[in-house]
Amino acid sequence: MGDRPSVESAAQGVGQFAGGVADPREPLPLLRKELGTGPGGLSGREAARRLAVYGLNQVRRRERTSLAGELTRQLAHPLALLLWAAGALAFIAGMPVLGWAILAVIVVNAAFALLQERQAERAVEALAAYLPERAKVIRDARRQSVEVGQLVPGDLVVLEEGDKVPADARLVDGAVEVDLSMLTGESMPAERVAGPAREGVALLSEPNLVFSGTTCVGGQATGIVFATGGHTELGRIAALSQRTRRQPSPLEIQVKKVAWLIAAVAIGIGAVFLLVGMWVGLPLRDALMFAIGLLVANVPEGLLPTITLALAIGVRVLARQGAVVKRLSAVETLGSTNVICTDKTGTLTQNRMHLEATWTPQTGVVTNGDRLPLPGELVRVMTDCSTAAYDEDGRLQGDPTETALIEAADGAKLDAGTDGAASGLAHRLADRDARLVAVFRFDPRLRLMSTITRDAPAGGQGMRINVKGAPEAILARSTLPEDERASVLAAVGRLARGGLRVLAIATRHIPAGAAPPARREDAETGLQLIGLAGLYDPPRPEVAEAVGRCHTAGLRVHIVTGDNGATAAAVAAQVGIGVPRQHVVAEAERLTDRHLDELLTGDAEIVFARSSPETKLKIADALRAHGQVVAMTGDGVNDAPALHQAHIGVAMGRSGTDVAREASTMVLTDDNFATIVTAIESGRRVYDNVRKFILYIFAHAVPEIVPFLIFALSGGLIPLPLTVLQILAIDLGTETLPALALGREPAEPGLMNRPPRPASQGVISRAMLVRAWGYLGLVSAVLVMAAFFYVLWRAGWHPGDPTGPGHPLHHAYLTATTATFAGLVTCQVGTAFAARTDHASLRQVGLTSNPLLLGGIAFELAFTAALIYLPALQRMFGTAALALDVVAIIAIFPFIVWGTDEFRRWALRRHTTPPARH
């Protein structure tokens with residue numbers, strides 16, 4: 001009975017935040033009361049009761065749809081429906097082997113697509129891996145270990161060095177350093193101390209809060225859990241990833257449109273010819289066979305396998321170049337990308353800083369090339385204001401900024417006034433550790449770091465406060481007279497204009513006998529400026545060229561980072577991002593939708609600094625809303641929703657987290673921006689090859705349909721110039737290998753000198769249809785009909801003469817249909833060479849640059865010769881041997897088909913202005 005009031009108050013407090021999360025920034029006594037907890041923690045019974053109310057402390061996953069339902073959806077894809085129809089028609093036409101092959105293609109493609117549907121679930125499962133398995137808590141006034149899933153709001157958790165934070169908590173005692181990079185993007189550990197909340201700062205920046213999934217890198221503290229499971233920051237990110245379902249790629253959308261178009265055309269033509277055949281008095285069976293033959297001829301059985309092959313080839317090529325693509329259609333999406341949103345550190349830069357220049361009031365600006373002595377006081381503070389140290393193998397370990405300053409101090413030539421104690425870096429670091437009194441870690445809000453060291457290891461000679469940080473932050477806390485600040489700011493500007501990250505170095509002496517400041521606010525004041533250090537993080541050498549290629553190709557590059565805006569802007573300028581116009585958003589979290597829309601519709605390249613997970617997601621959504629195809633890079637958990645929402649999520653393979661890699665579409669094994677540009681070029685090539693294949697398929701529809709039109713419109717006076725089995729032999733035999741080879745076509749010259757295609761542009765365009773039907777198809781139809789009539793007229797045929805079995809002209813009719821069939825095949829050869837380029841000439845591409853196409857054509861001609869000259873195949877397909885004069889006529893068809901299209905492209909090149917560069 002004695003603890004009932006506590007339980008009742010706890011229940012009342014729990015009810016106050018049952019629909020959400022308790023406000024962790026309210027005064028600690030009020031938070032304790034609201035959460036119903038005290039110094040002894042919760043009781044075991046109360047924890048069990050709350051577990052029943054709030055559920056397990058784990059990232060909730062959306063329930064998966066049934067496997068049967070997902071499989072049914074894949075098998076009902078429009079292109080799959082076409083393949084079902086083609087398979088059924090193959091069985092009807094008496095070709096069971098072909099029918100079973102088509103069914104196998106349907107199953108393989110459905111299984112592959114089914115695997116991609118699990119991507120979002122895998123991303124959420126990877127988020128759960130950031131939670132530790134067990135947590136240390138205080139319950140029933142004693143410390144114990146429980147499963148992480150058993151934590152509830154109000155629990156007291158104990159955090160120590162090396163622990164992962166098991167839930168969002170408010171510190172009530174002690175202090176820890178926490179790696180928040182997965183949530184904030186900041187590489188430096190953040191100091192978290194028990195104390196009152198600060199007004200006007202974001203939740204993630206509160207100095208007394210720690211968050212689920214982050215890691216303690218030092219210290220010890222106790223905290224009250226105020227959020228578990230889906231209410232934590234980690235759970236919120238998981239919810240964002242679940243809500244942002246993967247959108248279909250441009251190619252996936254276009255393939256559906258192509259499938260419906262082909263289906264409509266094929267079914268419409270089949271129905272028309274069924275009626276026409278019956279109208280002209282053909283037997284029902286013959287009319288039905290004509291309709292089936294036309295339908296099979298118009299269904300591209302190889303469309304989906306060829307597209308899959310072209311994308312798979314792109315995946316293999318990219319894997320060798322450092323990019324692992326997880327979804328085949330993403331290769332094509334890369335080709336239509338027109339905006340890249342990239343992180344900075346490690347992607348654009350090498351993440352290896354070095355000291356490039358210094359400034360002191362005595363020496364002015366000194367660069368590395370000057371080789372002038374560095375003041376000993378500057379070297380001493382640079383060394384003492386750090387935590388970097390040598391490991392057992394003699395390697396300097398620490399933050400890149402500190403190691404750069406330490407290495408500079410190690411190699412510095414000191415001025416004559418420096419005593420011997422300043423030499424010998426290993427000794428200096430050991431001596432620094434012996435004299436160290438306190439460390440105030442780098443605070444991104446204050447932009448400062450400081451240490452307190454004794455003047456001598458034994459003490460008694462006073463202490464020094466050593467500070468480094470942003471120049472404006474140091475000047476605001478210094479004793480420098482106003483008239484001297486102008487020269488300091490001028491030096492800062494000079495160094496900054498050189499693309500350097502500028503740090504101010506300052507110190508303050510504490511007299512002997514005085515106590516060291518306990519708070520950093522008291523330590524980092526009254527400072528004496530020693531000098532400035534200009535650090536340079538060199539960009540990757542290949543990035544500037546890659547950015548230039550992006551601009552040439554009409555792509556815009558934005559930087560989206562959690563880092564400081566000035567640093568990111570300097571890096572952007574060095575690699576050409578934002579040239580000639582750059583816009584820097586210093587606090588991207590504060591962007592309104594209206595302001596964001598204005599920025600993204602402008603002509604500037606933008607640096608989005610201090611970006612949160614919602615900001616990255618907001619940028620991806622806004623770009624998609626403006627019709628842009630977006631590639632977004634990222635490496636942390638905080639990047640997962642944006643990577644998921646972007647058309648192409650690009651994760652870092654070396655520095656990225658498992659969550660980012662799971663949520664992404666592509667993983668860079670070398671973390672290199674230039675690899676993204678290479679992938680975009682590969683994607684453009686794949687898209688072009690898909691269009692070439694479709695052009696090749698569509699061009700043959702006209703010469704295959706025209707013979708039936710002539711037969712129908714003549715009312716049977718002109719015999720059918722082509723048989724159903726010959727159409728099947730063309731579409732399923734001679735056409736297949738050249739079509740597959742077009743998927744391996746090398747990139748056309750000038751591929752990266754043209755702008756990205758509009759997002760609204762379909763894979764089938766009006767220009768493509770005009771080229772396929774009005775040029776290539778029409779020329780081919782005229783040629784094959786000329787060959788047909790040439791053979792009949794040479795045999796003395798006149799319209800209406802009987803050509804059926806038993807009549808004198810029957811053999812001539814077989815020879816004429818064979819000429820039509822062979823003429824179609826040779827026109828295919830000319831079409832294949834013409835389809836290799838869209839703008840360039842064949843000479844620019846090279847006749848032999850695609851050996852697979854040459855092999856496919858050789859097989860095509862050999863297969864045709866077998867159908868024409870082998871007696872067994874003659875009887876099956878109704879062919880007859882061709883005379884030499886007919887063969888000679890047909891042999892020139894490829895040159896006529898290719899030549900007319902080559903002339904057309906030459907005329908277009910003469911009258912087309914090259915696209916303007918970015």
Side-chain angles (χ1 to χ4, degrees), residues 240 244 247-250 253-254 333-344 347-348 546-563 565-566 568-569 571-573 575-634 639 641-650 673 676-677 680 683-684 752-762 913 915-918:
L240 288 173
T244 55
Q247 302 295 322
S249 73
I253 296 172
Q254 293 302 323
T333 309
L334 279 164
S336 60
T337 298
N338 46 27
V339 175
I340 301 176
C341 296
T342 178
D343 206 343
K344 175 185 68 67
T347 308
L348 300 179
V547 171
R549 293 173 63 200
C550 287
H551 292 165
T552 301
L555 280 80
R556 188 173 296 180
V557 183
H558 303 312
I559 294 181
V560 185
T561 178
D563 287 344
V571 172
V575 299
I577 297 175
V579 177
R581 188 178 174 195
Q582 181 189 93
H583 187 94
V584 180
V585 180
E587 295 292 339
E589 289 187 18
R590 301 179 182 177
L591 271 179
T592 63
D593 289 341
R594 181 178 179 181
H595 189 197
L596 180 60
D597 289 339
E598 292 175 354
L599 289 174
L600 295 178
T601 54
D603 59 354
E605 290 183 319
I606 308 167
V607 175
F608 294 98
R610 303 301 186 201
S611 298
S612 67
E614 289 82 3
T615 306
K616 281 196 168 186
L617 183 59
K618 183 189 297 185
I619 292 170
D621 279 333
L623 287 168
R624 292 188 70 133
H626 290 294
Q628 306 296 312
V629 180
V630 189
M632 174 81 73
T633 71
D639 297 323
L643 293 178
H644 203 348
Q645 180 69 355
H647 293 93
I648 296 293
V650 184
F673 177 85
I676 303 175
V677 184
I680 289 174
R684 289 190 175 191
M752 292 295 283
N753 291 331
R754 61 180 191 246
R757 69 180 187 275
S760 58
Q761 177 182 318
T913 304
R917 294 192 174 190
H918 179 80

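On a predicted model such as this, the values are computed, not experimentally measured, just so you know.
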For R624 and A646, work out which heavy atoms get closest and say how close. NH1-C, 3.9 Å

Reported CG-to-NE2 distance for the pair L623 and H558, which is rounded to 0.5 angstrom: 5.5 Å

Minimal heavy-atom distance between L555 and P756, with the atoms involved, is CD1-CG, 4.1 Å

Please name the pair of heavy atoms, one in A572 and one in V607, separated by the smallest distance, quoted to 0.1 Å. CB-CG2, 4.1 Å

Please report the interatomic distance CZ(R549) to CD1(I676), rounded to the nearest 0.5 Å. 12.0 Å

If you take all heavy atoms of M632 and L643, which pair is closest and at what distance? O-CD2, 3.0 Å

List the atom of Q645, the atom of L617, and the distance in Å for their closest heavy-atom pair. CB-CD1, 3.5 Å

Would you find a donor on one side and an acceptor on the other, under 3.5 Å apart, between the side chain of T342 and the backbone of T633? no

Measuring from R556:CZ to I577:CD1, what's the distance to the nearest 0.5 Å? 13.0 Å

Donor-acceptor pair, distance only, cut-off 3.5 Å: does the side chain of K618 make one with the backbone of L591? yes

Do M752 and T552 pass the side chain to side chain contact (heavy atoms under 4.5 Å, CB included) test, and can you show the C-alpha distance, the side-chain angles, and the key distance before you say yes or no? CA-CA 7 Å; M752 292 295 283; T552 301; 5.9 Å; no

Say you draw a straight line from OG1 of T601 to CD of Q628; how long is it, rounded to the nearest 0.5 Å? 10.0 Å

Rounded to the nearest 0.5 Å, how far apart are CD1 of I559 and CZ of F673? 9.0 Å

Quick check: do T615 and F608 have side-chain heavy atoms less than 4.5 Å from each other? no

How far does CG of L599 sit from CD of E605, to the nearest 0.5 angstrom? 13.0 Å

Any residue meeting side-chain hydrogen bond (donor to acceptor under 3.5 Å, both in side chains) with R581, in chain and number order, not counting sequence neighbours: D603

Of all heavy-atom pairs between C550 and V677, which one has the smallest distance, and what is that distance? SG-CG2, 3.4 Å

